[in-house]
Every structure is written in structure tokens, then in C-alpha cells.
Amino acid sequence: MVKVIINCNIFDYENYKENQYIRFDKEILEVGDMKDFKKNKNEEIIDFKGKLVMPGFVNGHTHIYSTFARGMSVEFNPKSFSDILKQLWWRMDSKIDLETTYYSGLVSGIEFIKNGITTFIDHHASGLAIKGTLNELKKGLCDEIGLRGIFCFETSDRFNVTECIEENVEFAKNKNENHAGMFGLHASLSLSNETLKKVSENLNGLPIHIHVAESLEDEEDSIKKYGKRVVERLEEFDLLTKNSILSHCVHIDEKEAEIISKHDVYVALNPTSNMNNAVGLPNYMLLKNNNIKTIIGNDGLGFNITREYLNLYYTQKYRYEDPTFFNFVDLKNNIDNVYNLAGELLGIKIGRIKEGYKADMISFDYIPFTLLDKNNIFGHVFFGIWDKLDVIDTIVNGEILMKNREVKYDVNSIYNNAKEISKKLWERL
């Protein structure tokens with residue numbers, strides 16, 4: 001059934017319009033002024049009573065397998081980033097099975113919806129189950145919860161490399177408007193030349209999704225073992241394929257930035273995780289000066305992507321001691337980039353409230369106490385709405401997944417089951 005949202009305001013990073021209606025099914029069919037609205041037969045009318053409608057968020061880099069780390073207690077005394085991997089994340093992901101993967105997907109899907117994320121790009125790892133694991137994620141997040149997801153498995157010398165390659169290649173064969181695959185790689189420091197050669201021989205043009213120079217150790221390891229920096233290794237093995245994601249890139253140098261700029265790839269920025277791991281901050285000036293396309297993710301640290309928008313905005317000003325550096329134009333470019341990338345990978349148009357785009361929308365109740373118009377709407381969104389994120393409605397593919405803050409799933413049952421599964425995971429540790 002066609003639905004019509006009436007009496008809403010719209011901001012889609014391009015235009016701000018007041019007193020609008022939106023007619024949609026899976027796609028947005030029509031947007032117009034309420035004075036021109038005429039109801040058609042057999043339409044569901046939804047009165048938003050002045051709520052602000054925006055496109056759903058996209059998380060450009062996340063780790064859904066980290067969901068059950070919340071509250072987990074393990075011996076943890078890291079002296080370096082590699083210690084963080086060995087003592088926490090590699091220890092945890094080595095004990096993840098298909099059941100854990102599936103329920104982490106269900107829980108993450110619900111939390112994404114609550115935070116207005118309608119599409120995400122995930123980077124998965126699970127040592128007890130490699131083959132079939134991406135389908136379990138898809139089943140929970142896309143088939144059952146109803147989100148759009150782009151998935152890959154973290155190929156690493158820690159795992160069975162052949163199975164990693166097969167999982168990435170097989171999953172990517174069956175894409176549609178709701179899910180797609182990339183080729184997952186962990187990081188240079190856990191990938192031998194032999195493994196990169198195998199990946200290159202089986203890539204078949206798939207975009208890769210890899211951590212690059214997240215810590216200085218990644219670069220030091222590459223130079224010591226192979227006599228070249230991380231991005232040089234990737235280029236040597238022809239891995240910088242179109243629409244690839246190089247996550248972090250905190251410690252790349254000018255030469256690596258020049259190499260990246262020659263390829264149609266993206267760098268995913270994850271400022272909060274970088275601060276949490278004490279590895280440094282994104283060098284946005286280097287990336288911008290080399291015309292490198294950047295997107296924003298959260299590296300699996302929670303579910304609120306707007307925290308990343310805020311932290312990137314503030315930390316870049318701090319890093320360069322310039323209050324005018326990294327402005328709303330920079331932020332909008334990052335948001336537009338992730339809409340374009342996810343849309344191209346899925347074969348759809350997302351990120352605007354206009355005819356022909358997918359009906360992936362979120363709403364907010366926002367009552368301004370200062371003047372709000374088309375010239376300052378981004379300021380209201382950034383300093384007002386994102387400062388205390390409170391999503392009211394979440395719609396994906398025309399389906400209302402959350403209405404008036406109530407998701408349409410049996411949250412208590414899912415979360416109670418998830419508690420038991422997380423307990424079993426912790427016991428395996």
C-alpha cells in the first residue's frame with residue numbers, strides 16, 4: 001500500500017522545506033507542499049504533525065561481531081595497539097560461532113533502527129565459523145530486521161585463508177537492493193604476501209574493505225617485513241579496486257596519499273575509536289589536499305553515528321588549531337560520499353528525500369528556540385538534534401520499522417536470548 005506522510009518538514013542535506021507531504025512505497029513517489037496535497041484512494045495517511053524528516057543514516061565502517069563485548073570482563077593491560085587486538089578483539093572473535101553472529105545481528109539491527117541507521121557497511125570476524133557466517137548476518141539484519149547491509153569477512157592469517165576467500169567470494173555473488181558483499185581483509189600486519197597474492201588471484205574486481213595504518217605498528221610492521229608501506233603493498237597486489245574502503249589511514253604518509261588518490265577508493269574515518277585506542281586522529285588535511293574521498297564509520301563502537309560526526313568536526317579543529325577547519329561543507333561531503341558508495345554497491349539511490357530515491361527515512365521532534373530557515377538548518381541539526389539524538393520514526397524500503405520510538409519487534413524476547421548467548425560466548429573466553 002502506498003503511504004503518505006503529511007504535515008512534515010524535510011531536510012536532506014541539500015534542501016530544507018516546510019509543511020510538506022511525502023508519498024512513497026518502496027521508493028519516494030512524490031514530494032510536495034501541503035497546499036497542493038490531494039489524497040488518493042487506498043493510501044495510508046501518516047500525520048507527522050510538524051516532525052522533521054531526514055534520510056536514514058549510513059554507517060560507513062562497523063564491526064557487528066563486537067556487539068557482545070559490552071560489559072565483558074577480560075584481563076586487559078595493553079601497552080600497544082597490537083596488545084589491544086591480542087588481549088581483547090582477537091581473543092573474542094576467535095570464539096564467535098554462527099549463533100553468536102546471528103544474534104549479534106538481531107541486536108545490532110534493533111539498535112541501528114533506534115539510532116536512525118538504515119544502511120551499514122560491516123567488517124566481520126568469527127573464528128569458530130567462517131563459511132556461512134555472512135548469510136547469518138544477512139538473515140538477522142536484512143531478512144528479519146529489514147535493514148540494508150554490505151558485508152565482508154575479515155581475511156587474516158589468523159584464520160583459514162582459503163575459507164575466508166571462499167566466504168567473501170561466494171557471498172558477493174548474490175547481491176540485491178538490500179545486501180551486497182565486499183572482500184574483507186584485516187590489516188597488513190596480519191596478511192602475508194602469500195595471502196595477498198591468493199586474494200588478488202580471486203578478487204575478480206570486488207572492492208576490498210581493510211584496516212590501513214590504524215596504528216603506527218601497521219606501518220612499522222610492513223616496512224620491517226616487506227620494505228614498503230601499507231598502501232604500497234596493496235597497490236603492488238592490485239588490491240585498490242574501485243569502491244574499496246581503506247579504514248582509518250591515521251598514519252599514512254604523503255606518498256601513500258598520492259597512491260590512494262589515483263584509485264577510485266574511499267577512506268573511512270572513525271575518530272571516536274581512534275581516540276579510544278589512543279592511536280591518533282585522522283589526518284583530514286592530508287586526505288583533503290589529495291582529493292581523497294572520505295566517509296564516516298564508528299568501528300563498531302556503539303550505534304550512534306552522529307557521535308562520529310560531532311567528534312570528527314571538533315577533533316579536526318583541535319588537531320590543526322584552526323576553528324574554521326572542517327566545516328559543515330566537509331561534513332556534508334563525507335555524508336554524501338557514504339550515500340553514494342552504499343547506493344552504488346547496492347544499485348540504488350539513497351540519501352535524499354526526493355522522487356526516485358529509496359524510502360529510507362527518519363524523523364525527529366524538534367522545536368527550535370531560535371530562528372530556523374534554509375540558511376541555518378544544518379546548524380540546528382548539528383548543534384541541536386545530533387547533540388541529543390532522539391529518533392522518533394525509522395522507515396526502510398517504505399516499511400515503518402520504528403514508530404513513535406517503538407520498534408516493531410519483540411525486543412524483550414530477542415534481548416533475553418541474546419543475554420544467554422553472550423554468556424556462553426564469555427564462558428568460551
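For clarity, every value in this text was computed on a predicted model and none was experimentally measured. FYI, the numbering just counts along the sequence from 1.
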Q: Could you give me the CA-CA distance, side-chain angles and deciding distance for Thr272 and Asn311, then say whether side-chain hydrogen bond (donor to acceptor under 3.5 Å, both in side chains) is met?
A: CA-CA 7 Å; Thr272 308; Asn311 282 343; 2.8 Å; yes
Spacing of [X] atom [atom1] and [Y] atom [atom2] [to the nearest 0.5 Å]:
X      : Y      : atom1 : atom2 : result
Arg319 : Gln316 : CZ    : CD    : 6.5 Å
Ile353 : Phe11  : CD1   : CZ    : 11.0 Å
Asn291 : Thr294 : CG    : OG1   : 11.0 Å
Asn59  : Ile296 : CG    : CD1   : 10.0 Å
Thr119 : Ile150 : OG1   : CD1   : 7.0 Å
Glu201 : Leu196 : CD    : CG    : 11.0 Å

Should [X] and [Y] count as side-chain neighbours, where that means a heavy-atom distance under 4.5 Å?
X      : Y      : answer
Phe48  : Ser363 : yes
Leu345 : Leu341 : yes
Glu232 : Glu236 : no
Val396 : Glu399 : no

Regarding [X] and [Y], does a basic nitrogen lie under 4.0 Å from an acidic carboxylate oxygen?
X      : Y      : answer
Lys358 : Glu27  : yes
Lys138 : Asp143 : yes
Glu427 : Lys95  : no
Asp253 : Arg229 : yes
Lys26  : Glu177 : no
Asp25  : Lys3   : no
Lys424 : Glu99  : yes
Arg352 : Asp336 : yes
Asp93  : Arg158 : yes

Q: Please determine which of Lys51, Arg405, Lys403 meets the side chain to side chain donor-acceptor pair (under 3.5 Å) test together with Asp393.
A: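 Checked Lys51, Arg405, Lys403 against Asp393; only one passes side chain to side chain donor-acceptor pair (under 3.5 Å): Lys51.
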Q: Assess whether side-chain hydrogen bond (donor to acceptor under 3.5 Å, both in side chains) is satisfied between Thr100 and Arg428, documenting all intermediate values.
A: CA-CA 12 Å; Thr100 308; Arg428 290 196 292 272; 3.1 Å; yes
Would [X] and [Y] count as having a side-chain donor-acceptor pair, cut-off 3.5 Å?
X      : Y      : answer
Ser261 : Asn290 : no
Thr101 : Glu136 : no
His61  : Asn298 : no
Arg233 : Ser222 : no
His251 : Asp218 : no
Thr62  : Asp122 : no
Asn283 : Tyr320 : yes
Thr155 : Asn168 : yes
His263 : Glu235 : yes

Q: Could you please spell out the steps behind the side-chain contact (heavy atoms from CB on, under 4.5 Å) verdict for Leu185 and Val199?
A: CA-CA 9 Å; Leu185 296 161; Val199 170; 3.8 Å; yes
**Q.** salt bridge (charged side-chain N to carboxylate O under 4.0 Å, His left out) assessment of Asp322 paired with Lys317
**A.** CA-CA 5 Å; Asp322 182 355; Lys317 295 175 184 296; over 6 Å; no
Looking only at the aromatic ring of each residue, does the gap between the centers of [Y] and [X] stay below 6.0 angstrom?
X      : Y      : answer
Phe326 : Tyr314 : no
His209 : His186 : no
Tyr309 : Phe382 : no

Q. For the side chain to side chain contact (heavy atoms under 4.5 Å, CB included) test, which of Thr241, Ile121, Leu206 pairs with Met182?
A.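 Considering Thr241, Ile121, Leu206, a side chain to side chain contact (heavy atoms under 4.5 Å, CB included) with Met182 is found only for Ile121.
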Q: Mark yes when over 12 heavy atoms from residues, nucleotides or ligands other than Glu355 sit less than 6.0 Å from its CD; otherwise mark no.
A: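 Check fails, neighbour count at 12 or below.
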Q: Kindly check if the number of other-residue, nucleotide or ligand heavy atoms within 6.0 Å of OH (Tyr318) is above 12?
A: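 No - once you tally the heavy atoms of other residues, nucleotides and ligands closer than 6.0 Å, there are 12 at most.
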Q: With side-chain hydrogen bond (donor to acceptor under 3.5 Å, both in side chains) as the test, would you mind laying out the steps for Asn417 and Tyr103 before giving the verdict?
A: CA-CA 8 Å; Asn417 288 336; Tyr103 266 91; 3.3 Å; yes
Determine the minimum heavy-atom distance between [X] and [Y], stating which atoms define it.
X      : Y      : answer
Phe24  : Gly398 : CE1-O, 3.6 Å
Asn397 : Asn178 : ND2-OD1, 4.3 Å
Ser200 : Asp238 : OG-CB, 4.3 Å
Asp387 : Leu310 : CA-CD1, 4.3 Å
Met72  : Leu88  : CE-CD1, 3.5 Å
Pro78  : Ile84  : CB-CG1, 3.7 Å

Q.
Let's go through Ile260 and Leu246 carefully: what are the C-alpha distance in whole Å and the side-chain angles of both, what is the deciding distance for side-chain contact (heavy atoms from CB on, under 4.5 Å) to 0.1 Å, and is it a yes or a no?
A. CA-CA 9 Å; Ile260 294 171; Leu246 313 184; 3.8 Å; yes
Q. When you look at Leu106 and Glu144, which way does the side-chain contact (heavy atoms from CB on, under 4.5 Å) test go after all the steps?
A. CA-CA 8 Å; Leu106 290 181; Glu144 298 187 22; 3.9 Å; yes
Q. Ignoring hydrogens and geometry, is there a side-chain-to-backbone donor-acceptor pair from Asn334 to Asn337 under 3.5 Å?
A.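 Looks like no, no N/O pair under 3.5 Å.
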Q: Please lay out, stage by stage, how Leu389 and Phe364 fare under the test side-chain contact (heavy atoms from CB on, under 4.5 Å).
A: CA-CA 9 Å; Leu389 189 68; Phe364 304 93; 3.6 Å; yes
(Q) Suppose the criterion is ring pair (Phe, Tyr, Trp, His ring centres under 6.0 Å): which pairs have a residue in residues 140-164, not counting sequence neighbours? (A)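 Of all non-adjacent pairs touching residues 140-164, those that pass ring pair (Phe, Tyr, Trp, His ring centres under 6.0 Å) are Phe120-Phe151, His124-Phe153, Phe151-Phe171, Phe153-Phe159.
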(Q) Would Arg148 and Asp360 count as a salt bridge (charged side-chain N to carboxylate O under 4.0 Å, His left out) here? Give the steps. (A) CA-CA 10 Å; Arg148 303 187 197 275; Asp360 296 0; 2.7 Å; yes
